[in-house]
Amino acid sequence: MTTYELGPVVAERRVDRVAPDGSRTPVVVRFGRPHPDPLSPNGDWCCPHQVLGLGDESVGAAFGVDSLQALLLSVYRVRLELAARAERESVGLDWLGLPDLGLTVDPHLTGP
């Protein structure tokens, strides 16, 4: 199993874990600064991430051909992990009532 270091946090989101009785506890998602993957012979990038307060708190990572793709794939992977963990623990997750906890962007929703 590969372990990653989070490094400097460049983005963080706090969401609510909503228990069946309606009680709420915080879940924190952190994204580390994308950096070149030292193991890639092609110059790929790595973006570490961590979820605190909902199961496994180890640091994971996503990879891309550049820093932006690595960051976007890291956000995508965290969104999927949060959904799976919430289902496994039979809890809901909430961030401002938005679908996908606001971890997706649809430009059609943000402007004319």
Side-chain angles (χ1 to χ4, degrees):
M1 179 176 172
T2 304
T3 58
Y4 303 99
E5 289 192 28
L6 188 61
V9 174
V10 297
E12 181 176 287
R13 166 130 322 147
R14 294 176 183 272
V15 303
D16 288 333
R17 172 187 175 149
V18 184
D21 67 1
S23 63
R24 292 174 175 255
T25 56
V27 173
V28 179
V29 179
R30 294 181 176 151
F31 296 93
R33 183 180 51 127
H35 56 83
D37 178 6
L39 301 178
S40 173
N42 302 317
D44 291 333
W45 284 68
C46 172
C47 182
H49 55 261
Q50 183 180 34
V51 176
L52 302 171
L54 191 64
D56 182 13
E57 295 188 351
S58 64
V59 177
F63 300 85
V65 297
D66 60 19
S67 61
L68 180 59
Q69 185 181 42
L71 174 62
L72 293 172
L73 290 173
S74 192
V75 172
Y76 179 76
R77 181 172 171 191
V78 163
R79 185 171 54 87
L80 296 178
E81 284 182 19
L82 287 171
R85 292 180 188 193
E87 182 178 343
R88 189 169 48 248
E89 295 194 19
S90 300
V91 298
L93 295 174
D94 179 58
W95 185 76
L96 303 176
L98 292 175
D100 295 326
L101 305 173
L103 294 173
T104 58
V105 177
D106 184 348
H108 300 291
L109 297 177
T110 60

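What you see below is based on every heavy atom in this structure, not just the backbone, and it leaves out hydrogens, waters and symmetry mates. It should be emphasised that the depicted structure is a prediction, and the values quoted were computed from it without experimental measurement.
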Distance-only, no hydrogens or angles: does the Q50 side chain make a donor-acceptor pair with backbone N or O of E57 under 3.5 Å?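 Answer holds: yes.
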Heavy-atom donor-acceptor pair, D16 side chain to V18 backbone, under 3.5 Å: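 No, because the side chain of D16 does not come within donor-acceptor range (under 3.5 Å) of the backbone of V18.
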From [atom1] ([X]) to [atom2] ([Y]), nearest 0.5 Å:
X	Y	atom1	atom2	result
L71	W45	CG	CH2	11.5 Å
L103	Y76	CG	OH	12.5 Å
E81	D56	CD	CG	8.0 Å
R24	L93	CZ	CG	10.0 Å
L101	D94	CG	CG	7.5 Å

Under a 4.5 Å side-chain heavy-atom rule over Ile, Leu, Val, Met, Phe, Trp and Tyr, are V75 and V78 clustered together?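 Yes; V78 is reachable from V75 via cluster members.
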I'd like to know if L80 and L54 are part of one continuous hydrophobic network [Ile/Leu/Val/Met/Phe/Trp/Tyr, side-chain heavy atoms within less than 4.5 Å].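 No, no single cluster joins them.
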Minimum heavy-atom separation for [X] to [Y], with atom names?
X	Y	answer
H49	S74	ND1-OG, 2.7 Å
P20	S90	CG-O, 3.6 Å
A19	V91	CA-CG1, 4.3 Å

Could you give the side-chain donor-acceptor pairs of residues 25-38 under 3.5 Å, partners two or more places apart or in another chain?
residue: R30; atom: NE; partner: E12; partner atom: OE1; Å: 3.0
residue: D37; atom: OD1; partner: L39; partner atom: N; Å: 3.0

With sequence neighbours left out, write down each residue that passes salt bridge (charged side-chain N to carboxylate O under 4.0 Å, His left out) with D44, or none if nothing qualifies.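 Result, salt bridge (charged side-chain N to carboxylate O under 4.0 Å, His left out) vs D44: none returned.
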Go through the structure and list residues passing salt bridge (charged side-chain N to carboxylate O under 4.0 Å, His left out) with D66, not counting sequence neighbours.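 Scan of D66 (salt bridge (charged side-chain N to carboxylate O under 4.0 Å, His left out), adjacent residues dropped) gives none.
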Give me the other members of the hydrophobic cluster that L6 sits in, counting Ile, Leu, Val, Met, Phe, Trp and Tyr linked by side-chain heavy atoms under 4.5 Å, directly or via other members.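 Hydrophobic cluster check, L6: joined to Y4, V9, V59, F63.
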Who clusters with L73? Use side-chain heavy atoms, under 4.5 angstrom, across I, L, V, M, F, W and Y, and order the result by chain and number.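 Noted: L73 shares its cluster with no other residue.
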Run the side chain to side chain donor-acceptor pair (under 3.5 Å) test against R13 and tell me which residues pass, sequence neighbours left out.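 With neighbours one apart ignored, the set is empty.
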Whether over 12 other heavy atoms sit under 6.0 Å from E87 CD: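 No - once you tally the heavy atoms of other residues, nucleotides and ligands closer than 6.0 Å, there are 12 at most.
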